[in-house]
Amino acid sequence: MRRLRPVELDFARSAPLRLAFSARLGAPPATVYAALAEDIEGWARWFTGVARAVPMDGGAGRDVRLTGGTRFLETVLTAQPEALYAYRVDRTNAPGIRALLEEWRLTPDGGGTRLRWTFAADGPGPLHLALLLARPGLGRAFRVSARALDRRLAMANSDS
């Protein structure tokens, strides 16, 4: 595991490489936020590629493992109920990344939520090229994951 450069929230807008994707979910922002920020273990049941996610330090951090073996130790930078959830990667075994932050913005959209995921990264030129080439796949993974989360939240709501 390598230590990455620590970044703050403004990196979501200043990073050399930013990929952003959005989707509409039927659940209200409070419900979507709870799935993102409070049910960390649940990420493995809806986010494509996440094999395991565990909260650390009383929710101030996360230990995330992807299905291919990549691991991220993260620090939660902000957790604003119903509005914003963001974390940076502090340590990873993924090659090439110098800094990485993910930001999840939630805005009310009728009775549902507009969810926007920003993936902000820095690394050498080959990493930028690789991520740009991976953009369609990341977008597809986000859309599939957002639909899975939407179904999961709808089922939980119908069970209540």
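Between the side chain of Thr113 and the backbone N or O of Ala27, at least one donor-acceptor pair lies under 3.5 Å. Not a single donor-acceptor pair under 3.5 Å links the side chain of Asp57 to the backbone N or O of Ala60.
Contact detail for Gly112 and Pro29: the closest heavy-atom pair is O-CD, 3.7 Å. A pairwise comparison of heavy atoms in Leu36 and Ile40 identifies O-CD1, 3.4 Å as the closest pair. Here the closest non-hydrogen pair linking Thr70 and Ala94 is CG2-CB, 3.8 Å. Contact between Ala12 and Leu101 at its shortest, heavy atoms only, is CB-CD2, 3.7 Å. Taking all atoms of both residues into account, the shortest heavy-atom contact from Ala99 to Val7 is CB-CG1, 3.7 Å.
How far OG1 of Thr31 is from CG of Leu106: 10.5 Å, rounded to the nearest 0.5 Å. Expressed to the nearest 0.5 Å, how far OH of Tyr85 lies from CG of Leu115 amounts to 13.0 Å. Here the CZ atom belonging to Arg98 is positioned 15.0 Å from the OG1 atom belonging to Thr92, to the nearest 0.5 angstrom. Here Arg91 contributes atom CZ and Arg2 contributes atom CZ; the two are 9.5 Å apart, rounded to the nearest 0.5 Å. Atom-to-atom distance recorded for Asp150:CG and Leu25:CG is 4.0 Å, nearest 0.5 angstrom.
Here Asn93 pairs with nothing under the side chain to side chain donor-acceptor pair (under 3.5 Å) rule; sequence neighbours left out. Here Ser145 pairs with Thr48 under the side chain to side chain donor-acceptor pair (under 3.5 Å) rule; sequence neighbours left out. Take Glu8 and apply the salt bridge (charged side-chain N to carboxylate O under 4.0 Å, His left out) test, not counting sequence neighbours, and it matches Arg88. Partners of Trp46 by ring-ring contact (aromatic ring centres under 6.0 Å, His included), not counting sequence neighbours, listed by chain and number: Trp43. Not a single ring-ring contact (aromatic ring centres under 6.0 Å, His included) links Tyr33 to another residue, sequence neighbours left out. By the side chain to side chain donor-acceptor pair (under 3.5 Å) test, Arg45 is found to be paired with no residue, residues two or more places apart in sequence or in another chain being considered.
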Cut-off 3.5 Å, no hydrogens considered: what does the side-chain donor-acceptor table look like for residues 118-141, sequence neighbours left out?
residue, atom, partner, partner atom, Å
Asp122, OD2, Arg5, NH2, 3.2
His128, NE2, Gly123, O, 3.0

Donor-acceptor list for residues 73-84 side chains, cut-off 3.5 Å, not counting sequence neighbours:
residue, atom, partner, partner atom, Å
Glu74, OE1, Arg62, NE, 2.5
Glu74, OE1, Arg62, NH2, 3.2
Thr75, OG1, Asp90, OD2, 2.2
Thr78, OG1, Gln80, NE2, 3.1

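Sorted by first and then second residue, the ring-ring contact (aromatic ring centres under 6.0 Å, His included) pairs involving residues 48-67 (not counting sequence neighbours) form an empty list. A salt bridge (Lys or Arg N to Asp or Glu O under 4.0 Å) check over residues 102-114, counting only residues at least two apart or in different chains, returns the pairs Arg13-Glu103, Arg24-Asp109, Glu103-Arg105, Asp109-Arg114. Sorted by first then second residue, the ring-ring contact (aromatic ring centres under 6.0 Å, His included) pairs that include residues 61-82, not counting sequence neighbours, number zero. Counting only residues at least two apart or in different chains, ring-ring contact (aromatic ring centres under 6.0 Å, His included) contacts with residues 48-68 are absent.
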Test side chain to side chain contact (heavy atoms under 4.5 Å, CB included) on Val32 and Leu153 and set out the steps. CA-CA 8 Å; Val32 176; Leu153 296 176; 4.0 Å; yes
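Hydrophobic clustering places Phe142 together with Leu149 (ILVMFWY residues linked when any side-chain heavy atoms are closer than 4.5 Å, directly or through intermediates).
The shortest distance between side-chain heavy atoms of Pro55 and Glu38 does not fall below 4.5 Å. No side-chain heavy atom of Pro6 sits less than 4.5 Å from a side-chain heavy atom of Phe11.
Taking the six-membered ring for Trp and thresholds of 30 and 60 degrees, Trp117 and Trp104 have nearly parallel ring planes, at less than 30 degrees apart.
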